[in-house]
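Comments concern the structure below.
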Amino acid sequence: APPPPPSGSFDARLKVGGQDYFRKYLPLTETVREWGLQFSPELGYAPVTLSWDSAQVPLEGRLTLRDGITGSFVNVDMREQSSVTIEQEFITQVVVEHTVVEASAPVVTPEAGTYVDNVEVSMSTSSEGALVYYTLDGSEPTEESLLYEEPLVLEETTTVKALASGPGYVASEVTTSEYTLLVSTDVPVFSPGAGSYADSVEVVMSSPTVGALVYYTLDGSDPTEESLLYEEPLVLKETTTVKAVSGGEGYAVSEVGTAAYEILVSAQMPMLTPDAGTYVDSVEVVMSSPTAGASVYYTLDGSEPTEESLLYEEPLVLEETTTVKAIAGGTGYVASEVAESAYEIVRYALSPVASEAGGFYVDSVEVTLSSPTAGVLVYYTLDGSEPTEASSQYSDPLMLEETTTVKAIAVGGGYLSSEVMEELYRIVDYRVDVTVSDTDNVSLTLTLGTAAGGTESLNTVYDQLAPPPPPSGSFDARLKVGG
């Protein structure tokens, strides 16, 4: 029920089915529509004023009032003005032109996609004067939605929907951009760290990023979220390079973490043969490792062996007291414990030497004992028994006045006891050396004597009173004393 028009004017309205045509139908059906309005004054000609409520002009599109001749006499924007007075008497028709302009759909940058931690989103439209309205909850935007004024920083997965609209524009199509936000992840941690380990190692992996999963490979390839999922510690029994990433649903894949584990075989302690002990003059030592393929390294100076020590290649001949220390090891092996054997090399002392050789001596003989081996002591007996270190130690020359067997050994100074020196000294009352020669200068020397007391005959060959004649070609020599 609008108010009555002013005096001298009339009210013209267009409705379709009780609805305002311009507001409801035209923007949805046509791009440009012209509506002609003819008029003529009742009483001659007078200026004609057309007026309207500019507040009621539809926001969609542009409504222009122009003359029906050229459009150059009357041409006004009905949203900006609310009336126009036509002075020209030849103008009896005006045209209302409704032009519908659809705003350009907003451009949303950056492109939809997957981003880590956050993304800054900007929106714009190429339609001058148009505004951008948007939603973040997946609903369709309208001019009642959020007005875009500054870039949005998204920190979680979001669907941005936006349209452009504004005075003189029909709302644009909706632009939709889906942004998937992933949580950045840290490189997985390996425990224990990369290194060399004996026989095997148990490897634990974890992600410093709460909730992230760990994916890994053991073949040297770079892991992805399609790789093996870490669920329990890995027991590595051979040299392996482990590569791992953090990731999982809602997480960005981390950089690759790498840990190289060298698995070494524990070498067994070498065997040294013969056993440690005391050996005379020298000993040949053989070393071997029970671990196939392992090498043996050794020292002879008492220091602890390493893989930088002497490499065993052939048996060792030790000629002096030596402590052999050895380990088994080499490339791909963990060095064994140290095997140690002490070899004491000893030598026999040379037998003592008597200053006087055993034989016949009249009344007495002075005998001096010595050893060619420096640093030893001489022990002796005069009663025919075997000398030991418990026997008499030689210090001064021996004066023998009766037949005596002297036995002596040299011992001490790191030497084993020498062989026994034995000399028989025959002490006699007299001594006669008879030399008989034949014409061919073949000679025979006989030593004759009688022991002290006259109880021992020293020449059992020639003590017969009537020996048989000598063999042919020989001669018979006799010596008689006292008959």
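All values below come from the heavy atoms of this structure, side chains included, with hydrogens, waters and symmetry mates left out. Along the sequence shown, residues are numbered consecutively beginning with 1.
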Closest non-hydrogen atom pair between [X] and [Y], with its separation:
| X | Y | value |
| --- | --- | --- |
| L369 | A408 | CD1-CB, 4.1 Å |
| P270 | S336 | CD-OG, 3.5 Å |
| M287 | V324 | SD-CG1, 4.1 Å |
| D67 | I69 | OD1-N, 2.9 Å |
| Y179 | S177 | CE1-CB, 3.6 Å |
| V376 | G412 | CG1-O, 3.4 Å |

Quick check: does any side chain N or O of [X] sit under 3.5 Å from a backbone N or O of [Y], one acting as donor and the other as acceptor?
| X | Y | value |
| --- | --- | --- |
| E423 | G358 | yes |
| N118 | V153 | no |
| T175 | P106 | yes |
| Y169 | E128 | yes |
| E225 | G248 | yes |
| T185 | G247 | no |

- request: Check step by step if side-chain contact (heavy atoms from CB on, under 4.5 Å) holds for Y134 and L152.
  value: CA-CA 11 Å; Y134 67 94; L152 311 178; 3.4 Å; yes
Side chain to side chain, [X] and [Y], heavy atoms closer than 4.5 Å:
| X | Y | answer |
| --- | --- | --- |
| I345 | V283 | yes |
| S122 | Y148 | yes |
| Q56 | M78 | no |
| L218 | L234 | yes |
| L398 | T404 | no |
| S139 | K161 | no |
| Y297 | L311 | yes |
| L154 | V160 | yes |

message: Which label fits Y261 and Y197: parallel for a plane angle under 30°, tilted from 30 to 60°, or perpendicular past 60°?
response: tilted
- request: Hey, can you tell me if Y343 and Y279 have their rings parallel, tilted or perpendicular (30° and 60° cut-offs)?
  value: tilted
Nearest 0.5 angstrom please: [X] [atom1] to [Y] [atom2], how far?
| X | Y | atom1 | atom2 | answer |
| --- | --- | --- | --- | --- |
| E366 | Y425 | CD | OH | 11.5 Å |
| I327 | E340 | CD1 | CD | 13.5 Å |
| Q268 | S289 | CD | OG | 7.0 Å |
| Y133 | T125 | OH | OG1 | 12.0 Å |
| Y415 | L350 | OH | CG | 8.5 Å |
| I409 | Y379 | CD1 | OH | 8.0 Å |

query: Among pairs that include at least one residue of residues 236-248, which meet side chain to side chain donor-acceptor pair (under 3.5 Å), considering only residues two or more places apart or in two chains?
result: S207-S246, D222-K243
message: Please enumerate all residues that pass salt bridge (charged side-chain N to carboxylate O under 4.0 Å, His left out) together with E97, with sequence neighbours excluded.
response: R66
field: By salt bridge (charged side-chain N to carboxylate O under 4.0 Å, His left out) - contacts of E304 (at least two apart)
entry: K325
- prompt: Quick one: side chain to side chain contact (heavy atoms under 4.5 Å, CB included) partners of L416, sequence neighbours excluded?
  reply: V280, V346, Y348
- request: With sequence neighbours excluded, tell me which residues meet side chain to side chain contact (heavy atoms under 4.5 Å, CB included) with Q93.
  value: Q38
- prompt: salt bridge (charged side-chain N to carboxylate O under 4.0 Å, His left out): which pairs involve residues 165-191, sequence neighbours left out?
  reply: none
message: Please tell me whether S127 and S104 have a donor and an acceptor in their side chains that are separated by less than 3.5 angstrom.
response: yes
Greater than 12 external heavy atoms within 6.0 Å of [X]'s [atom1]:
| X | atom1 | result |
| --- | --- | --- |
| Q81 | CD | yes |
| E337 | CD | no |
| E419 | CD | no |
| E307 | CD | yes |
| E156 | CD | no |

message: Walk me through whether E120 and E150 qualify under side-chain contact (heavy atoms from CB on, under 4.5 Å).
response: CA-CA 10 Å; E120 184 176 271; E150 60 184 0; over 6 Å; no
field: Residue pair M399, S364: steps toward the side-chain contact (heavy atoms from CB on, under 4.5 Å) verdict
entry: CA-CA 7 Å; M399 180 60 72; S364 66; 4.1 Å; yes
